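Treat the numbers as computed from the prediction; the structure is a model and nothing was measured. Throughout, protein chains are lettered first and strands after them, A, B, ... in sequence-line order, and every chain is numbered starting at 1.
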Protein chains: 2
Amino acid sequence: MTQRMSLKKLAAHLGLTEGTVSRALNNYPDISAKTRDRVQQAATELGYRANPLARRLATGVAEAVAYIMPETHSTISEPFVSQLLAGLGETLSERGWDLLVTQSGSAEQEADMLHKLITSGRVSGVVLSRPLKNDARIKLLQKAKFPFIVHGRSVEYKDYAWYDVDSKAAFVAAVDHLVALGHARIGFIGAPTYYNFAQMRLDGYKEAIANNGLEVDPDLIQITELSDDGGELAAGDLLDCTRAPTALLCVTDTQALGALAAIRARGLVPGKHVSVIGYDGLRFGRHTNPPLTTMAQPQAHSGRQLGDMLLAIIDGGDPTDFQVLRSAELLRRKSDGPVWVDTSETMSKTREEQT
Amino acid sequence: MTQRMSLKKLAAHLGLTEGTVSRALNNYPDISAKTRDRVQQAATELGYRANPLARRLATGVAEAVAYIMPETHSTISEPFVSQLLAGLGETLSERGWDLLVTQSGSAEQEADMLHKLITSGRVSGVVLSRPLKNDARIKLLQKAKFPFIVHGRSVEYKDYAWYDVDSKAAFVAAVDHLVALGHARIGFIGAPTYYNFAQMRLDGYKEAIANNGLEVDPDLIQITELSDDGGELAAGDLLDCTRAPTALLCVTDTQALGALAAIRARGLVPGKHVSVIGYDGLRFGRHTNPPLTTMAQPQAHSGRQLGDMLLAIIDGGDPTDFQVLRSAELLRRKSDGPVWVDTSETMSKTREEQT
DNA sequence: CTTGCCTCCGAAAGCGCTTTCGGAATATCT
DNA sequence: AGATATTCCGAAAGCGCTTTCGGAGGCAAG
């Protein structure tokens with residue numbers, strides 16, 4: 001196999017200069033149709049493809065975007081990453097661009113990493129995910145006027161591009177649903193509220209509780225980590241206190257798995273004695289015991305959409321024109337139901353017997 | 001904010017030439033310790049970092065590797081992708097290299113894409129996953145003498161680097177386990193055998209069946225797609241036939257989820273009437289109904305390990321020195337148990353002979 | 001037959017770095 | 001002392017492409 005075809009060799013082969021060939025290939029208007037065709041045909045015949053590195057250096061366009069992976073807390077709820085990556089990669093490859101993936105350590109470290117990334121010239125844009133309420137990375141990108149889009153929103157989201165699901169509304173809907181089922185004591189299992197999504201969901205919960213004429217009881221709110229174990233612990237605390245909730249709302253499906261486990265561990269039946277509603281709509285919820293009712297977010301083409309929007313911004317689009325808010329829908333499986341009315345005795349008694 | 005620091009400016013600032021500064025920064029021996037220190041200190045003070053694109057073009061080293069994502073069949077079992085990516089990214093970033101992610105369409109398309117990728121100079125190495133029995137991509141990479149490592153193995157695996165789990169042995173162990181529990185009719189739910197992992201697991205199954213003095217009954221083998229639905233369908237077929245199996249071995253946990261569903265749908269209790277064993281060790285399995293017994297593979301640091309090995313190969317290491325075979329372990333949860341002996345006669349069509 | 005205007009291509013200067021080569025300046029040896 | 005080595009840096013040629021600029025040749029208009 002001969003050496004890789006270069007512009008120089010192609011030009012020599014055609015009896016033209018490199019510059020001319022380059023312009024012909026890039027459809028410059030100052031090349032006659034005749035030579036343009038001749039050049040392009042020769043290029044495909046000889047299998048010439050411009051060296052991306054050289055082109056990027058010469059044009060100053062990185063032809064690549066980076067996806068900043070969220071720290072993988074739970075090994076359980078990250079399937080969306082591969083889906084999103086697939087979608088992103090698809091849009092990018094249509095343009096011949098690369099998709100870089102980076103992972104960060106701490107939050108501080110991440111801002112530094114991001115700064116290096118965008119000043120290095122390796123990428124033309126960035127997609128961020130799971131933003132904090134007050135996200136230093138977003139500020140950094142804004143100040144640098146660097147093209148980016150975020151998957152999710154921070155608390156102040158007017159001035160940049162984002163794609164998010166209205167999880168606050170979703171939690172309102174979930175509470176309404178539970179209230180309609182007769183629940184009056186609804187527990188909330190949340191995540192640290194430096195994650196804005198956690199805050200928004202908590203807001204939705206509180207708002208809906210209040211709107212339904214119920215009292216927002218701090219004792220019914222548990223903040224825990226984003227894992228099944230976290231959910232299990234939190235649910236346990238909630239269930240073991242006096243005046244335990246009759247329904248549990250979890251900020252993610254992963255936590256809800258733990259909640260189901262906690263309920264079962266106490267001899268209760270999720271969906272009967274205690275309702276559980278998760279959030280995400282993970283397909284896996286079909287297989288839990290019982291199948292998990294959840295607020296399902298439409299994550300089908302989020303990757304593609306993020307990619308399209310980011311490219312549009314890189315092309316000079318106004319970021320504020322790209323703010324997409326999708327909505328989640330209640331996906332009823334089997335973990336929710338009417339409030340349990342204990343005909344025999346107190347619930348704690350029942351529980352003790354069954355353990 | 002001033003323009004990005006360049007070598008030229010740094011050199012001017014120091015009263016040296018670009019070449020000298022470059023060599024000083026790269027620890028060339030022909031630079032006096034004095035000026036080397038002076039240069040390096042000035043570089044850090046002024047925040048100079050070489051433009052990666054320019055360096056890559058000049059040196060001919062791409063400083064990046066690509067991960068070829070497997071087609072995402074099931075939205076359920078892909079958490080490992082994000083884990084693996086995290087590990088890979090970690091090793092690479094220690095070296096300042098980039099991690100590219102690409103997705104392919106069809107198999108043909110993928111070979112073409114891969115060819116373009118490795119001839120484009122964008123990457124110095126490739127990590128492949130989920131190889132086919134006879135994988136064109138591997139042949140391509142071998143012929144091109146391009147550094148690569150595969151996550152998994154193809155049928156002929158002597159001549160390249162790979163990291164794999166001995167899933168054949170795992171299936172032998174699983175069969176042995178079931179036989180020890182008294183099962184004599186063990187169903188196998190597999191995946192298309194162009195995937196070598198599917199073939200290897202099937203081989204393990206057959207081998208163990210035979211070694212245990214049982215008959216390899218083609219009717220007990222179902223090949224289906226890699227999804228929960230696939231597993232459910234296949235399990236249904238198996239359960240509905242005369243002389244149904246008393247245990248089901250699934251090639252992935254995802255399929256096993258479907259198998260559990262199929263069993264429950266027939267009014268049977270998984271782990272009691274019919275045993276199910278999956279493969280992967282997904283944490284999800286803790287939450288199924290009942291919790292899924294599985295052959296758990298150690299996927300903790302596979303990403304890091306793949307990265308380390310690939311870098312070693314890129315550095316000139318012999319690929320055949322990097323072949324790592326890990327082993328999976330039986331993780332007993334609740335979906336397996338002794339063969340169900342039908343005391344009454346409700347399940348009239350179990351089997352005739354005892355073990 | 002000029003003048004002027006296009007059309008189309010060649011020439012050359014980068015993009016920001018690396019690396020080879022050669023030669024001052026300094027050090028070492030007889 | 002002169003000759004020979006060393007040490008250390010400058011000069012310059014790339015890496016493979018893009019892009020600006022200018023001008024030769026062709027055409028229509030005067």
Identify whether any heavy atom of [X] sits under 4.0 Å from a base atom; if not, whether one sits that close to sugar-phosphate; answer base, sugar-phosphate or nothing.
X	result
B:Arg56	nothing
B:Gly19	base
B:Gly15	sugar-phosphate

Should the pair B:Arg130-B:Asp135 be classified as a salt bridge under the 4.0 Å nitrogen-to-oxygen rule? no
Flag the pair A:Asp98 and A:Arg56 as a salt bridge only when some basic side-chain nitrogen lies within less than 4.0 angstrom of an acidic carboxylate oxygen. yes
Minimum-distance nucleotide to [X] side chain [options: [options]]:
X	options	value
B:Ile31	D:dG10, C:dC17, D:dC9	D:dC9
B:Leu57	C:dC17, C:dA11, D:dC15	D:dC15
B:Thr17	D:dG10, D:dT18, C:dG10	D:dG10
A:Ala58	C:dC15, C:dG16, D:dT20	C:dC15
B:Arg23	C:dA11, C:dT18, C:dC21	C:dC21
B:Ala54	D:dC17, C:dC9, C:dC17	C:dC17

Assign each of A:Ser22 and A:Asp30 the nucleotide of DNA chain D bearing its closest heavy atom; nearer the 5' end lies the nucleotide of A:Ser22
Heavy-atom nearest nucleotide on DNA chain D for B:Thr59 versus B:Thr35: which residue maps closer to 5'? B:Thr35
Please state how far atom [atom1] in [X] lies from atom [atom2] in [N], giving the value in whole angstrom units.
X	N	atom1	atom2	result
A:Leu7	D:dG14	CG	P	17 Å
A:Leu53	C:dG16	CG	P	15 Å
A:Glu18	D:dG14	CD	C1'	12 Å
A:Asn27	C:dC9	CG	P	14 Å
A:Leu25	C:dC9	CG	P	14 Å
B:Leu10	D:dC9	CG	P	15 Å
B:Arg38	D:dC8	CZ	C1'	13 Å
B:Glu63	C:dC17	CD	P	12 Å

If only side-chain N and O atoms count, and only distance matters, is there a donor-acceptor pair under 3.5 Å linking B:Arg36 with B:Tyr28? no
Can you confirm whether the side chains of B:Thr35 and B:Arg38 place a donor and an acceptor under 3.5 Å from each other? no
OP1, OP2 of D:dT18 versus side-chain N and O of A:Asn26: anything below 4.0 Å? yes
Tell me whether the OP1 or OP2 atom of D:dC9 has a side-chain N or O from B:Ser32 closer than 4.0 Å. yes
Is the base of C:dG16 touched by the side chain of B:Arg4 through a donor-acceptor pair closer than 3.5 angstrom? no
Centroid separation B:Tyr195 to B:Phe197 less than 6.0 Å: yes
Test salt bridge (Lys or Arg N to Asp or Glu O under 4.0 Å) applied to A:Arg304 and A:Glu94, step by step: CA-CA 11 Å; A:Arg304 283 210 64 103; A:Glu94 283 167 10; 3.2 Å; yes
On DNA chain C, compare the nucleotides closest to A:Arg36 and B:Tyr48; which residue's is nearer the 5' end? A:Arg36
Pick the closest DNA chain C nucleotide for B:Lys8 and for A:Leu16 by heavy atoms, then say which residue is nearer the 5' end. A:Leu16
